[in-house]
Amino acid sequence: MLDTIPPLYNEIHDTPVRPDAFEMDDETKILLIANHFEEIMQILGLDLADDSLKDTPNRVAKMYVKEYFSGLNPANKPEISLFENRYKYNKMLVEKNITVYSSCEHHFVPIVGKAHVGYISTGKIIGLSKLNRLVQFCARRPQVQERLTIQISAMLREALGTEDVAVVIDAVHHCVASRGVGDTSSSTITAEYTGRFLNSGIREEFLRYAGVA
Ligand code: ZN
């Protein structure tokens, strides 16, 4: 099965998924996860006969497969269409404050924040909402923020056909905020710069537009 997995999933920065990860269909996954989640609720002592609780295992399983972790499946990768850039805009484009909802892979609790992405056009342009969709696709996996940042950058470079890409993420980790050390005021910033964004002047221009410097 390995050779049917797109190259993106074989690289070092990829989410560690098994080669057989998508042999099972979504409906079977939902059924199995619901059974296991029901078991967790049972062990916690919850009464599954209660009206409010009885559908929770199925709801959680569906949410995991179809929403929270839908970005694991390469079949859900957004279609990217590029347009010819007739007005010769060959400068920087920045989309800031893209909503990031992800999940910490160590605790399975939310990572919530904003992504700022920038690129320098090669003459082709991307539909702006596609930038949001690419961020969302990478975020909808069990993640660590560092890898999420690198994955978004790699996917943007692939989609845009340029190395001139910048990604900054500023996010709150609920494993830090809602448990453990319980710090609700800290956030974590990660960045990946490639191509011309390695130049400090260009990088500073990007950070100024994104409003993070
Ligand atoms: Zn965590």
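As the structure is a prediction and not an experimental result, all values here were calculated from the model. Note that ligands are numbered from 1 as they come in the structure, with each ligand's atoms numbered from 1 the same way.
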Can you list everything that forms a salt bridge (Lys or Arg N to Asp or Glu O under 4.0 Å) with E79? Sequence neighbours excluded, please.
none

Short of 2.8 Å from the Zn ion (ligand 1), name each protein N/O/S atom, waters not counted.
C104 SG, H107 ND1, C175 SG

Hey, can you tell me if F206 and F197 have their rings parallel, tilted or perpendicular (30° and 60° cut-offs)?
perpendicular

Test side-chain contact (heavy atoms from CB on, under 4.5 Å) on Q151 and Q143; report intermediate values, then the result.
CA-CA 10 Å; Q151 287 180 348; Q143 278 290 12; 2.7 Å; yes

Within 45 degrees of the ring normal and closer than 6.0 Å to the centroid, is that where the cationic atom of R141 sits relative to F137?
yes

Salt bridge K114-D170, side-chain N to carboxylate O under 4.0 Å:
no

Between E84 and K124, is the closest basic N to carboxylate O distance under 4.0 Å?
yes

